[in-house]
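Encoded as structure tokens, the structure appears first; notes follow it.
Each chain gets a letter, A, B and so on, in the order the sequences are listed, and its residues count up from 1.
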2 protein chains.
Amino acid sequence: MANSFSSQRIEGILQGWIDSGRYGPGMKLPAERDLAAELGVSRMTLRQALESLQFQGRFQRRPGRAGGTFVSGRVPVLELASMSGLAQQLSSTGADVESRILVAEATEATSEVSKALGVDVGDSVLHLRRLRFANEEPVMIEDSWFPERRLSGLDVGSLAGSVYRALGELDSAPVRKVEELDPSVASPVERELLGVGARHPVLRLVRTAYRADGLAVEYAHDVYRSDAIRVRVTTTD
Amino acid sequence: MANSFSSQRIEGILQGWIDSGRYGPGMKLPAERDLAAELGVSRMTLRQALESLQFQGRFQRRPGRAGGTFVSGRVPVLELASMSGLAQQLSSTGADVESRILVAEATEATSEVSKALGVDVGDSVLHLRRLRFANEEPVMIEDSWFPERRLSGLDVGSLAGSVYRALGELDSAPVRKVEELDPSVASPVERELLGVGARHPVLRLVRTAYRADGLAVEYAHDVYRSDAIRVRVTTTD
DNA sequence: GAGTGGTCTAGACCACGCG
DNA sequence: GCGTGGTCTAGACCACTCG
């Protein structure tokens, strides 16, 4: 039978098309129906191969009349082991960085947030939700919570610019952070914000940042498009 | 139509079964065909939901007569920002760690390896490939290359135990490392070594480690089962 | 309107591994 | 043997969006 494992064979063929330069960054593959016919497999089988490659960041897919399957380019690197913010990080690599505030409000600490920040459940916290862009493309959603009581002087207005700078002005600059990583897939809301298709791979990052006296000043959930950003960690003894 | 987006609905239902404790760690779900019938969807639709949850580490699936879909338990944490080796890392969390050497040989540096280690292409390097276990389960494949010439005294025999210790005895203990992360899927060879099913999610990590004089002493490719290990990064200013 | 990816169906056969 | 997940087929309809 010639059809055993054909999705893997297809995956290899497509990978070869990229590696050989037959399809370079930004180029569009033929429509799924045509490609499946050309390769002699059913559309579902082709889609399995495409999903695997999409997961590895090789392709992006967009629906609609002008949509299609596009070869990805090189992506910016995010250095985790650094106390600088994302904006500073990415711009130092030459990327053009923007940020859109989706939510900025005072709210009550949930059980999860209170535990991370070391405050009581129901305590007032500032919640900031931002959608962040690199080179005009949405690459990350960031939900941050700040303990309002511990940061007297911080208010919703302070969240507009660089939050780490605002914390610094309150003598609460973070000097230590702990981040946990978790590969996952985008939820429907995340898909819409990030402008990606179904089952798009993301990297979830949960962060708690502490100031010099050891108290937490930020708790955050980041969701990165794992095809649009590369994570690096540099460790020194 | 009641069937719009049903794979997402199914995913939510299954997630609820875990969260509510109806299915706890280690428990087996009904067979795919039965579950699909019970939920009123086709098997392919059910499988989409299962794949998404498997990707997120909620389930493991094994084929064969005694196979099935099993709920995952909690997983050990790997702290990247630490110069200790994996064994020390994991065992400090109470995990039982083992290592099986698959390859230990002198070979010639490829272009990629020579570039990372700063040696000439074709220079002699030691190649070590290990399969590493936590709690009897294979969780990671590690390919390491060491510049033989720079590490006079290091030979294939030294690779049997803790390599970082062996490097220390040669005054070449790594003091700095750079690691890049890349979510991907297991290749057929990796699937077999790690004992996982098709399209299993893995975290690829490429590492270069340097000793005090700034010269590279190790270049490595790690492949982690992303459902079996959790990555943490702690940063201090 | 027309063409794209996204989803879903209802089957089929295969590879594997315990009993 | 037989039940498991793994793969594949050949269709169908949907949602979206450019022209």
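Put simply, CD on B:E192 is 16 Å from C1' on D:dG6, counting in whole angstrom units. Between the P atom of D:dT7 and the CZ atom of A:R47 lies a distance of 16 Å, rounded to the nearest Å. The distance between atom CG of B:L50 and atom P of D:dT4, rounded to the nearest whole Å, is 14 Å. Rounded to whole Å, atom P of D:dT7 lies 14 Å from atom CD1 of A:I10. The distance between atom CD of B:Q48 and atom P of C:dG6, rounded to the nearest whole Å, is 11 Å. We find that CG of A:L46 is positioned 13 Å from P of C:dT4, with the value rounded to whole Å. Taking atom CD of B:E51 as the reference point, atom P of D:dC8 lies 12 Å away to the nearest angstrom. When the P atom of C:dT7 is taken as reference, atom CD of A:E32 falls 11 Å away, rounded to whole Å.
No N or O donor and acceptor, one from the side chain of B:R33 and one from the base of C:dG11, sit under 3.5 Å apart. A:R43 contributes a side-chain N or O that forms a donor-acceptor pair with the base of C:dG6 under 3.5 Å.
Of the candidates C:dT9, D:dG6, C:dT4, the closest approach to any side-chain atom of B:T45 belongs to C:dT9. Taking the side chain of A:M44 as heavy atoms from C-beta on, and the options C:dC8, C:dA10, C:dT7, the nearest nucleotide is C:dC8. The side chain of A:P63 has C:dG5 as its nearest neighbour among C:dT7, C:dG5, D:dC8. Of the listed nucleotides (D:dT4, C:dT7, D:dG3), D:dG3 has the atom at the smallest distance from the side chain of B:R65.
Residues B:G26 and B:F70 come closest through the heavy atom pair O-CD2, 3.7 Å.
An end-to-end axis angle of 0° holds for the helix from C:dG1-D:dC18 to C:dC18-D:dG1, taken from five base pairs per end and rounded to 10°.
OP1 or OP2 of D:dC8 sits under 4.0 Å from a side-chain N or O of A:S7. Distances shown here put a side-chain N or O of A:S6 below 4.0 Å from the OP1 or OP2 atom of D:dC8.
Looking at residues two or more places apart in sequence or on another chain, you find no ring pair (Phe, Tyr, Trp, His ring centres under 6.0 Å) involving A:F59.
A 6.0 Å sphere centred on CD of B:E38 holds more than 12 heavy atoms belonging to other residues, nucleotides or ligands. Heavy-atom contacts from other residues, nucleotides or ligands closer than 6.0 Å to CD of A:E105 number more than 12.
Side chain to side chain, B:E79 and B:T234 meet the donor-acceptor criterion of an N or O pair below 3.5 Å.
With DNA chain D read from its 5' end, the first of the two nearest nucleotides for B:R61 and A:S42 is the one closest to B:R61.
Between A:W145 and A:H127, the ring planes are parallel. Angles under 30° get that label, and only those over 60° would be called perpendicular.
A salt bridge does not link A:R58 with A:E11: every distance from a Lys NZ or Arg NE/NH1/NH2 to an Asp or Glu carboxylate oxygen is 4.0 Å or more.
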